[in-house]
Enquirer: 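First, the structure itself, so that you have it in front of you.
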Protein chains: 2
Amino acid sequence: MSLESAFGNLSGYAPLKRVTLKSLAKSLGLTESTVSRALNGYSDINENTVERVRKAALELGYKPNQNARRLATGIAEAVAFVIPQNHSSLAEPFVAQLLQGLDESLARRGWDLLVSHSLSAEDESNTIHRLITSGRVSGVVLSRPFRHDARIDLLQAAKFPFVVHGRSASCDSYAWYDIDNELAFDTAVKHLVDLGHRRIGFIGAPLYFNFAHQRLQGYRSGLKSAGIGYDESLVQIAELTDDAGERAAADLLNTPKPPTAFLCVSDTQAFGVLAAVRARGLVAGSDVSVIGYDGLKTGRHTNPPLTTMSQPLTQSGRELGDMLLAIIDGDDPANHQILKRAKLLVRNSDGPVWTHHQ
Amino acid sequence: MSLESAFGNLSGYAPLKRVTLKSLAKSLGLTESTVSRALNGYSDINENTVERVRKAALELGYKPNQNARRLATGIAEAVAFVIPQNHSSLAEPFVAQLLQGLDESLARRGWDLLVSHSLSAEDESNTIHRLITSGRVSGVVLSRPFRHDARIDLLQAAKFPFVVHGRSASCDSYAWYDIDNELAFDTAVKHLVDLGHRRIGFIGAPLYFNFAHQRLQGYRSGLKSAGIGYDESLVQIAELTDDAGERAAADLLNTPKPPTAFLCVSDTQAFGVLAAVRARGLVAGSDVSVIGYDGLKTGRHTNPPLTTMSQPLTQSGRELGDMLLAIIDGDDPANHQILKRAKLLVRNSDGPVWTHHQ
DNA sequence: GTTGCTTCCGAAAGCGGTTTCGGGATACGA
DNA sequence: TCGTATCCCGAAACCGCTTTCGGAAGCAAC
């Protein structure tokens, strides 16, 4: 669309007459190049001139056309967040908060944040590919990496700047921001063990997600250091939904020797587990314990309020943005690897193990 | 598509050997202009040539540089969603689902979706202004309009394509997609009245939000048609958070003649109301009724599960995207005004009024 | 063998910026 | 007075693609 059609050159009010570099230059009696350099902080422009140009630009409301600028400089001044297509996760608050933090970081520099969302799993590589060849963005942020992630391989092969929220199995040479999932689940197990639990159910997620793998490892390591054997019949792999969590918990509850505690890889699943527990006539927090992961706000309002492990999402978005920016500026990605700890947020769904003799 | 074909030459790492229109043309023995027109479906190119060009483009992995294309055509092939800055609402699932739908609609056309997030309230007009003058986007979608919304005025004055999720007080001449808020709350009141309630508390939002205004109107009209007088002492205006909802409900509960039911303009508030009710030792669904609005999934897991009114968010995002695209293509915005109905989603937080004589 | 159409493609002028390069002023030392 | 170094600014190429315009072929018709 042309600017004429966009702003309507016709009828009476002529809104928003676009002020371009050329018009600005002319009105100043200078050249485009001079004005451009003045605005971009080149040192070979007289201080007075710079001031004069700045003032005029402000008054006339000059905004450089981003497309032109990007074409000329070759830098897109935008990064893409590719939405994990699995399970329509954009709907998860998880993603929303991350976006918020990202945007904050980018906005400080005036960059754009665009979200990209692919339809199928293998389509995702295409999406990435299109992103990096189209010149639309100068960086990409990934989330929920797989254990072996083709998108990461693609990005690395192309030497395209990117950061990932989480990490894949081999993560030495790229930038990531992750929670120490193994530690988190290790300590969660420890917490439950301290409450007296020995039969701890685990509601996991498909293991091609690396975080699922890590958390399972943490679960096992926690068990191990407590001297408890790993019992495969206590672990369920479920989708990241409440319904799946509910089904998985129900299955575990129907077993002859059901667990006295449930550890879930996501709050959403844990919500379902809570439901299963209630359906069974049990009360979470006394009869059984359930612990989630994510620290969702709404966990405050479940029945009972969900004990969970929280990760600072908005802040992680900000940090991811800062990292990506630094890498685009030339930093070595390997120098940008951040490992944070999750915090155990005790609400009311956990408690000492229930025994017959009480 | 393989890495090989994507990035051209082989051996070692050859990062991003970009195939440009020029290189493509040269390898075909044609001119840039010919190739460009062939790819863009111009009719003055021989059918065979078109085929040949298409094939080569695919093989060599040619992707047009979006910035160049945008500069040349003047159309940005991107639209912006401006995040309501109030209350950091991006974190709300609300926004996330809308984004999802929007992205789906735009992706069908290969357009970008970028999110823009301003820091302060008055900064928002600046954000809009920057958006429409920078040439980055060819359309804008707004949400949560104010009753009198400067952003809308700005957009209209600039004749810039936009759609809004919701509508302001005067909404004849632009495109919007809205739920019939008045109707929704009218029927919600009716529902409560049918359950025997006469003292219905209303937890509203600041009235500069038009939806807040509409819903209050609906509340009043429902009361009126039930022959119940409007009692100002039963309405509270609160922020759109759980804490605010909780405080508001607590205030109402502390009154000498507390309401027997609560109608909230958002689920998040209703979560808080539920907490206040519990804190008071009452049980929602029998002692008092509480009804939310939004249809959040997590409402299934509150204590008790929240009765609410749901609006189809993902779908509305899609429709908003389609509308915006149509308008950018030249449609008259006034022909794109969609009014949907909310559905009452009865879960367990409502019930017949409690009486002493039962 | 002109004339007159089509059909198909090349030439070239942008789109609105950025950036390198060179040179005219001015200042300064000799 | 004549370099010559320093400061500023203009000229021009370029980023990669789109689009208008004109014209070379090819073919039909007269």
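Values reported hereafter were calculated over all heavy atoms of this structure, with side chains retained and with hydrogens, waters and symmetry mates removed. Since the structure is predicted, the reported quantities are computational estimates derived from the model, not experimental observations. A note on names: the letters A, B, ... follow the listed sequences, proteins ahead of strands, and every chain is numbered from 1.
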Enquirer: If the threshold is 4.0 Å, N to carboxylate O, is there a salt bridge linking B/Lys22 and B/Glu32?
Expert: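 No salt bridge links B/Lys22 with B/Glu32.
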Enquirer: Take atom CD1 of A/Ile45 and atom P of D/dT6, then tell me their distance rounded to the nearest Å.
Expert: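 After rounding, the gap between these two atoms is 18 Å.
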Enquirer: Could B/Asp112 and B/Arg70 be called an ion pair, given the rule that one side-chain N must be under 4.0 Å from one carboxylate O?
Expert: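 Yes.
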Enquirer: Does a nitrogen or oxygen in the side chain of B/Asn46 sit under 4.0 Å from OP1 or OP2 of C/dC8?
Expert: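 Affirmative; the distance criterion is met.
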Enquirer: Want to settle it: does A/Thr34 or B/Tyr62 sit nearer the 5' end of DNA chain D, counting the closest nucleotide to each?
Expert: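 In this pair, the answer is A/Thr34.
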Enquirer: Assign A/Thr73 to base, sugar-phosphate, or nothing according to its heavy-atom contacts below 4.0 angstrom with the strands shown.
Expert: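 If one applies the 4.0 Å heavy-atom cut-off, A/Thr73 turns out to touch the sugar-phosphate alone, with no base involved.
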Enquirer: What's the CG-P distance between B/Asn40 and D/dT18, to the nearest Å?
Expert: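 Rounded to the whole Å, the gap is 5 Å.
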Enquirer: In whole Å, what is the span from the CD atom of B/Glu32 to the P atom of C/dC9?
Expert: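 In whole Å, C/dC9 P lies 16 Å from B/Glu32 CD.
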Enquirer: Figure out the CG/P separation between A/Leu21 and D/dA11, and round it to whole Å.
Expert: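 Nearest whole value for this atom pair: 14 Å.
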Enquirer: So for B/Arg18 and D/dG16, does any side-chain atom that can act as donor or acceptor lie under 3.5 Å from a complementary atom in the base?
Expert: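 In this structure, the two groups form no donor-acceptor pair.
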Enquirer: Closest nucleotide of DNA chain C for B/Leu30 versus for B/Leu71: which of these residues is on the 5' side?
Expert: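 Closer to the 5' end of DNA chain C: B/Leu30.
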Enquirer: Counting only side-chain N and O atoms of A/Ser36, is one of them less than 4.0 Å from OP1 or OP2 of C/dT18?
Expert: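 For A/Ser36, the contact criterion (side-chain N or O under 4.0 Å from OP1 or OP2 of C/dT18) is met.
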Enquirer: Can A/Glu59 and A/Lys55 be counted as an ion pair, charged N to O under 4.0 angstrom?
Expert: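 Yes, A/Glu59 and A/Lys55 are salt-bridged.
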Enquirer: Please determine if a side-chain N or O atom of B/Thr49 lies less than 4.0 Å away from the OP1 or OP2 oxygen of C/dC9.
Expert: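 Yes, because at least one side-chain N or O of B/Thr49 sits under 4.0 Å from OP1 or OP2 of C/dC9.
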Enquirer: Assess whether a salt bridge exists between B/Arg109 and B/Asp329, defined as any Lys/Arg side-chain N lying under 4.0 Å from an Asp/Glu carboxylate O.
Expert: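 Here B/Arg109 pairs with B/Asp329 in a salt bridge, since their nearest N and O are under 4.0 Å apart.
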Enquirer: Checking all strands, does B/Arg37 fall into the base, sugar-phosphate, or nothing category for heavy-atom contacts under 4.0 angstrom?
Expert: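 The residue B/Arg37 makes base contact.
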Enquirer: Tell me whether the side-chain N/O atoms of A/Tyr42 come closer than 4.0 Å to OP1 or OP2 in C/dC21.
Expert: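 For C/dC21, OP1/OP2 do not have a side-chain N/O of A/Tyr42 under 4.0 Å.
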Enquirer: Just the rounded figure in Å: distance from P of D/dC14 to CG of A/Asn67.
Expert: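 Value for this atom pair: 22 Å.
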Enquirer: Between P on D/dC15 and CZ on A/Arg69, what's the gap in Å once rounded to a whole number?
Expert: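 Answer to the nearest Å: 18 Å.
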Enquirer: Any donor-acceptor pair under 3.5 Å linking the side-chain atoms of A/Ser105 with those of A/Asp322?
Expert: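 Indeed, the side chains of A/Asp322 and A/Ser105 share at least one donor-acceptor pair under 3.5 Å.
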Enquirer: Pick the closest DNA chain C nucleotide for A/Thr20 and for A/Asp44 by heavy atoms, then say which residue is nearer the 5' end.
Expert: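 Result of the comparison: A/Thr20.
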Enquirer: Find the distance A/Ile75:CD1 to D/dG16:P and express it as a whole number of Å.
Expert: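 Spelled out: CD1 on A/Ile75 to P on D/dG16 is 15 Å.
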Enquirer: With heavy atoms under 4.0 Å as the rule, sort A/Gln66 into base, sugar-phosphate or nothing.
Expert: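 Nothing, no nucleic acid heavy atom in range.
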Enquirer: In this structure, how many angstroms lie between the C1' atom of C/dG16 and the CZ atom of B/Arg136, rounded?
Expert: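 Taking CZ of B/Arg136 and C1' of C/dG16, I get 16 Å after rounding.
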